[in-house]
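Each ligand, and each atom within it, is numbered from 1 in the order the structure gives.
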Amino acid sequence: MTETPARRRPHPLVAAAATGDLPGWAVAGSERRAHMARVARLLERWGIELRLRKAWITRWRAAGHLHDALRDAPPKRLAATLPPRFRRLPPNAYHGPAAAGHLRRDGVRDRELLHAIRWHTLGSPKFGLLGKALCAADALEPGRRGRREWRRELRARFPSAPDDVLAEILHHRIDYLLRARQSVHPRTLRFWNSLVNGS
Ligand SMILES: [Fe+2]
Ligand SMILES: [Fe+2]
């Protein structure tokens with residue numbers, strides 16, 4: 001069950017992250033932080049359009065600032081902090097579970113937020129709206145190069161049709177991997193299936 005954090009004050013670390021103040025364990029350079037800030041701003045914009053409560057928008061902003069907090073740490077170093085089941089993931093997906101693990105150890109118990117951060121790279125069929133929004137904002141933030149018009153159109157459409165927008169993003173991602181004859185992680189396929197099956 002997802003906790004209902006809207007009724008309670010966000011954890012101090014989450015409240016600080018929502019303003020861009022990252023925890024001491026973060027390993028993220030200035031370009032990475034700029035990307036995280038753009039993701040946070042986009043999440044805030046969507047949160048306002050969706051008329052979410054203030055406390056929820058705080059969580060959404062925090063997710064943006066925190067999702068890549070360990071993206072610039074060497075995967076080998078992150079692997080050493082992860083439980084064995086996460087070490088089977090592709091190394092470029094270690095930073096999500098590693099950041100979620102740190103947040104949990106620091107006392108954050110917001111399960112939807114932790115799940116969103118843990119799986120933002122590969123996706124999850126169990127995403128709530130926050131996980132979907134984080135995954136989409138990560139792909140659509142305006143600093144990304146190429147396909148700018150495509151991104152702009154999907155950014156505008158997300159609040160009214162989140163699953164359609166995610167299916168479009170996943171379609172593009174999976175199509176790219178297939179054309180490059182690269183593997184598609186089963187978790188990403190399960191995420192895709194959850195979107196197109198409407199379950
Ligand atoms: Fe990431
Ligand atoms: Fe990111």
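Per residue H120, closest N, O or S atom to the Fe ion (ligand 1): atom name NE2. For H95, the N, O or S atom with the smallest separation from the Fe ion (ligand 1) is NE2. Shortest distance from the Fe ion (ligand 2) to H35 is reached at NE2 (N/O/S atoms only). No other N/O/S atom of D68 lies as close to the Fe ion (ligand 1) as OD1 does. Summary: OD1 is the N/O/S atom of D138 found nearest to the Fe ion (ligand 2).
Under the side chain to side chain contact (heavy atoms under 4.5 Å, CB included) test applied with L195, the options L170, I169, D164 reduce to a single match, L170. Among R71, H67, R118, the single residue meeting the side chain to side chain contact (heavy atoms under 4.5 Å, CB included) criterion with H95 is R71.
Residues W25 and L70 approach most closely at O-CD2, 3.2 Å, considering heavy atoms.
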Could you give me the CA-CA distance, side-chain angles and deciding distance for E44 and R41, then say whether salt bridge (Lys or Arg N to Asp or Glu O under 4.0 Å) is met? CA-CA 5 Å; E44 178 179 43; R41 270 198 298 276; over 6 Å; no
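Between the side chains of H65 and D21, no donor N or O sits under 3.5 Å from an acceptor N or O.
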